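Data block below; observations after.
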Amino acid sequence: MREAASVALDTREQVLRQIRTGERFAVVTHENLDGDALGSLVAMQALLRALGKDSVMVIAPEEFPLPPEYRFFALDGLSTEAPEDLERRTAIFLDCGNLDRNPLAALRDAEPLVNIDHHHDNTRFGTINHIVEEASCTAEIVWDLMRGLDVDMTPAIAEALYVGLVTDTGRFSYENTTPRAHLMAAELIAAGVEVGALYRRIYEGSRSPSSSCWRARWRASTALTTAA
């Protein structure tokens, strides 16, 4: 455990250095978006823009429409394809256990490639691999990096990070719910997260089927509309 913590501290500094010195970024996550993937993605995008970076958030077109419970996110700087100047950008993969979990093949050849995740089975595919297995979620790692970069917390960033935290800890019921996760939650709430309202958006607002069912229904309705 101590060795893993030491490695995480070293890779943390590498990520902070890459973000400080880089100018252009492409931020991505895994397919079949969940709360931690989207929350981490939106928060990292906002963090980079707060630092004055040229950052593109890339989500494959087949991921739309988003699951109803996540459609409130403002996807600033969104692109549905890899940017044409990808060779000039640092790619940041979030919550992505292996390269194949991102459907946009062009992004897999990006260099430098920063791999940020909390899953123990991550394949370490990046130029920099910042894997923090003791973190409750990838959003917690983004939160920690944000602190290291001295970026001011905003209500929008806090909300995105809280979505990642609350969904990946099963509303603070899973074994990965650590004291640090609760400290993070307290800071995010102090920054403006309205817990009750956000809970209702995620868990009570849609009463929806799975995201894959929603996408299938949306595409079917689109096809019928087009045919008509």
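These numbers were taken from a predicted model, which means no experiment stands behind them.
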Q: Could you list the residues that satisfy side chain to side chain donor-acceptor pair (under 3.5 Å) with Glu140, not counting sequence neighbours?
A: Ser136, Arg180

Q | Heavy-atom neighbours of Glu87 CD exceed 12 at 6.0 Å | A | yes

Q: Output yes when Asp76 and Arg49 qualify as a salt bridge under the 4.0 Å nitrogen-oxygen rule, no when they do not.
A: no

Q: Could you give me the CA-CA distance, side-chain angles and deciding distance for Phe73 and Leu38, then say whether side-chain contact (heavy atoms from CB on, under 4.5 Å) is met?
A: CA-CA 9 Å; Phe73 276 122; Leu38 263 175; 4.1 Å; yes

Q.
Check whether Ser40 reaches the backbone of Ala37 with its side chain - one donor and one acceptor, N or O, closer than 3.5 Å.
A. no

Q) So, are Arg200 and Glu194 salt-bridged, with charged N and O less than 4.0 Å apart? A) no

Q. Closest approach of Glu31 and Pro103, non-hydrogen atoms and distance?
A. CB-CD, 4.0 Å

Q: Only one of Asn122, Asp10, Thr11 passes side-chain hydrogen bond (donor to acceptor under 3.5 Å, both in side chains) with His130; say which it is.
A: Thr11

Q: Before accepting this row, confirm whether a basic side-chain N of the pair Arg89/Glu84 lies closer than 4.0 Å to the acidic partner's carboxylate O.
A: no

Q) How long is the span from the CZ atom in Phe125 to the CG atom in Asn115, to the nearest 0.5 Å? A) 3.5 Å

Q | Approximate separation, where rounding is to 0.5 Å, of Asp117 CG and Asp95 CG | A | 5.5 Å

**Q.** Residues in salt bridge (Lys or Arg N to Asp or Glu O under 4.0 Å) contact with Arg24, at least two apart in sequence or another chain
**A.** none

